[in-house]
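Here the structure comes first, spelled out in structure tokens, and everything after it is commentary.
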Amino acid sequence: MKSKKTVPSKVQPEFPRPESVKLSRNMHKTLLSFTFTSLIIFSALAQEPLSTDRPGEGTDAPTLVPKGSVQLETGFFLEQDQPQNGAENTLMKVPTTLLRLGLLNNFELRISEDLLLEDEVRAGALSIGAKIGIAPEGEVLPALSLSAMLTLPATGSDRYASQFTQPALKLLMNKSLNDFLGLTGNLGVQWENDQPQAVYTYALSFDLSLADKVGGFVEFYGSLPEADGNIHQINYGLTFLLAPLFQIDVASGLAFTAEAPDYYIGGGISWRLDLFNKQ
């Protein structure tokens with residue numbers, strides 16, 4: 001039997017008894033639970049309802065994150081494509097990440113980066129930009145915002161890193177038709193993969209209020225590259241508001257053209273904290 005190493009009584013430290021250790025652990029658990037619950041309650045006091053850019057792949061809403069708020073939108077994305085006379089390609093993003101920071105009443109900072117899983121895990125390129133409010137929704141005119149993003153060069157893994165900055169601009173529009181149906185539209189232009197030719201993008205989403213805390217959407221979207229064939233897709237999904245500022249979602253999509261990926265599935269969460277919102 002191994003002997004214990006003893007310490008002279010003069011310098012022997014006072015170790016807590018097992019009951020004290022157990023009490024300390026319980027106190028830590030209680031503190032963590034209290035902190036988490038407080039954040040949820042504090043967020044629920046916000047007056048602005050939760051609005052997200054998930055789970056649609058083509059449309060972003062013109063609504064901005066309120067000033068003083070932080071919103072995280074994250075999830076997973078699985079895409080499969082089998083080109084003609086080619087092997088099947090599978091792409092998984094776990095997680096997809098969009099962080100939105102409300103800096104002004106009509107300005108939010110946006111930071112986006114994904115982890116991509118193919119034969120191994122690789123980091124996607126880092127994108128940073130802003131959403132700028134132009135006009136609220138009126139009786140006739142839709143709500144308008146402008147989204148501007150820059151995909152930064154030499155970020156992410158070698159496979160996805162770009163040599164040049166890749167800009168993307170989108171005009172975001174939304175109009176409520178009645179109490180349960182709204183339309184969201186996007187028109188944009190972007191540059192990809194170090195190519196000088198522009199890629200024009202469009203999206204139209206029919207947004208449905210199915211129940212008090214359940215929403216749905218059907219979205220048509222695509223891109224029209226100057227250099228390649230056009231890509232057109234449809235996707236659809238559901239959102240579930242589990243708390244005033246906490247939402248989960250599921251979505252799936254299909255291809256309309258041979259150039260588009262065959263299908264995708266995805267899901268995720270969106271959570272907003274009104275840390276410095278004085279409303």
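Note that these values count all heavy atoms, side chains included, but never hydrogens, waters or copies made by symmetry. For the single chain, residues carry numbers from 1 onward in sequence order. Keep in mind it's a predicted model, so treat the numbers as computed, not measured.
A chain of hydrophobic side-chain contacts below 4.5 Å, direct or via other Ile, Leu, Val, Met, Phe, Trp or Tyr residues, connects Leu99 to Phe107. Tracing side-chain contacts under 4.5 Å through hydrophobic residues (I, L, V, M, F, W, Y), one reaches Val218 starting from Val250; they form part of the same cluster. Clustering ILVMFWY residues whenever any of their side-chain heavy atoms sit less than 4.5 angstrom apart, transitively, puts Phe217 in a cluster other than the one holding Leu210. Using a 4.5 Å cut-off between side-chain heavy atoms of Ile, Leu, Val, Met, Phe, Trp and Tyr, with links allowed through other members, Leu150 and Ile132 fall into the same hydrophobic cluster.
No donor-acceptor pair closer than 3.5 Å links the side chain of Ser205 to the backbone N or O of Glu219. The backbone N or O of Pro225 lies less than 3.5 Å from no partner atom in the side chain of Ser223, so there is not a single donor-acceptor pair. The backbone N or O of Thr90 lies less than 3.5 Å from no partner atom in the side chain of Gln80, so there is not a single donor-acceptor pair. For Ser157 (side chain) and Arg122 (main-chain N/O), no donor-acceptor pair under 3.5 Å exists by modelled atom type. Looking at Asn186, its side chain does come within 3.5 Å of a backbone N or O of Asp60 through a donor-acceptor pair. Side chain of Asp262 to backbone of Gln82: a donor-acceptor contact under 3.5 angstrom is found. No side-chain donor-acceptor contact under 3.5 Å links Trp271 to the backbone of Gln71. Between the Lys131 side chain and the Ala61 main chain, a donor and an acceptor come within less than 3.5 Å of each other. Although no hydrogens or angles enter the test, the distance criterion places a donor-acceptor pair under 3.5 Å between the side chain of Asp114 and the main chain of Thr97. Within the 3.5 Å criterion, the main-chain N or O of Gln166 finds no donor-acceptor partner in the side chain of Gln190.
Partner of Gln233 under the side chain to side chain contact (heavy atoms under 4.5 Å, CB included) criterion, chosen from Tyr221, Tyr263, Phe220: Tyr221. Screening Asp274, Leu103, Asn105, Leu101 against Lys67 for a side chain to side chain contact (heavy atoms under 4.5 Å, CB included) leaves a single residue, Asn105.
Here the straight-line distance linking atom OG of Ser147 with atom CG of Leu64 works out to 9.5 Å at 0.5 Å rounding. Atom-to-atom distance recorded for Asn178:CG and Ser209:OG is 9.5 Å, nearest 0.5 angstrom.
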Is there a side-chain contact (heavy atoms from CB on, under 4.5 Å) between Phe256 and Leu254? Walk through the geometry before answering.
CA-CA 7 Å; Phe256 271 162; Leu254 299 171; over 6 Å; no
side-chain contact (heavy atoms from CB on, under 4.5 Å) for Val189 and Thr201? Distances and angles first, verdict last.
CA-CA 6 Å; Val189 60; Thr201 62; over 6 Å; no
Would Tyr200 and Glu226 count as a side-chain contact (heavy atoms from CB on, under 4.5 Å) here? Give the steps.
CA-CA 8 Å; Tyr200 301 98; Glu226 290 183 339; 3.1 Å; yes
Step-by-step side-chain contact (heavy atoms from CB on, under 4.5 Å) determination, Thr151 to Ile128:
CA-CA 7 Å; Thr151 299; Ile128 186 169; over 6 Å; no
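A salt bridge links Asp53 with Arg110; the closest basic N to acidic carboxylate O contact falls under 4.0 Å.
Closest non-hydrogen pair, Arg54 versus Gly268, comes out as NH2-N, 3.3 Å. Taking each heavy atom of Tyr264 and Ala251 in turn, the nearest pair found is OH-CB, 3.9 Å.
Under the 4.5 Å side-chain criterion, counting only non-hydrogen atoms from C-beta, Leu171 is in contact with Ile134. Using a 4.5 Å heavy-atom threshold, the side chains of Glu73 and Ser270 count as touching. Phe246 is listed as a side-chain neighbour of Ile269, based on a closest heavy-atom distance under 4.5 Å. Side-chain atoms of Pro55 and Thr239, non-hydrogen and from C-beta on, do get closer than 4.5 Å to each other. Side-chain contact check for Pro153 versus Gln163: every heavy-atom pair is 4.5 Å or farther apart. Contact annotation: the side chain of Phe76 never approaches that of Pro95 to less than 4.5 Å [non-hydrogen atoms, C-beta and beyond]. Counting heavy atoms from C-beta on, the side chains of Leu72 and Arg100 never come closer than 4.5 Å. Within the 4.5 Å cutoff, side-chain heavy atoms of Leu183 are placed close to those of Phe206.
Looking only at atom types and distance, the side chain of Thr184 has a donor-acceptor partner in the side chain of Asn174 under 3.5 Å away.
Classified by interplanar angle (parallel below 30°, tilted 30° to 60°, perpendicular above 60°), the ring pair His232/Tyr202 is tilted.
Enclosure of atom CG in Asp179 is not indicated, since only 12 or fewer non-hydrogen atoms of other residues, nucleotides or ligands lie within 6.0 angstrom.
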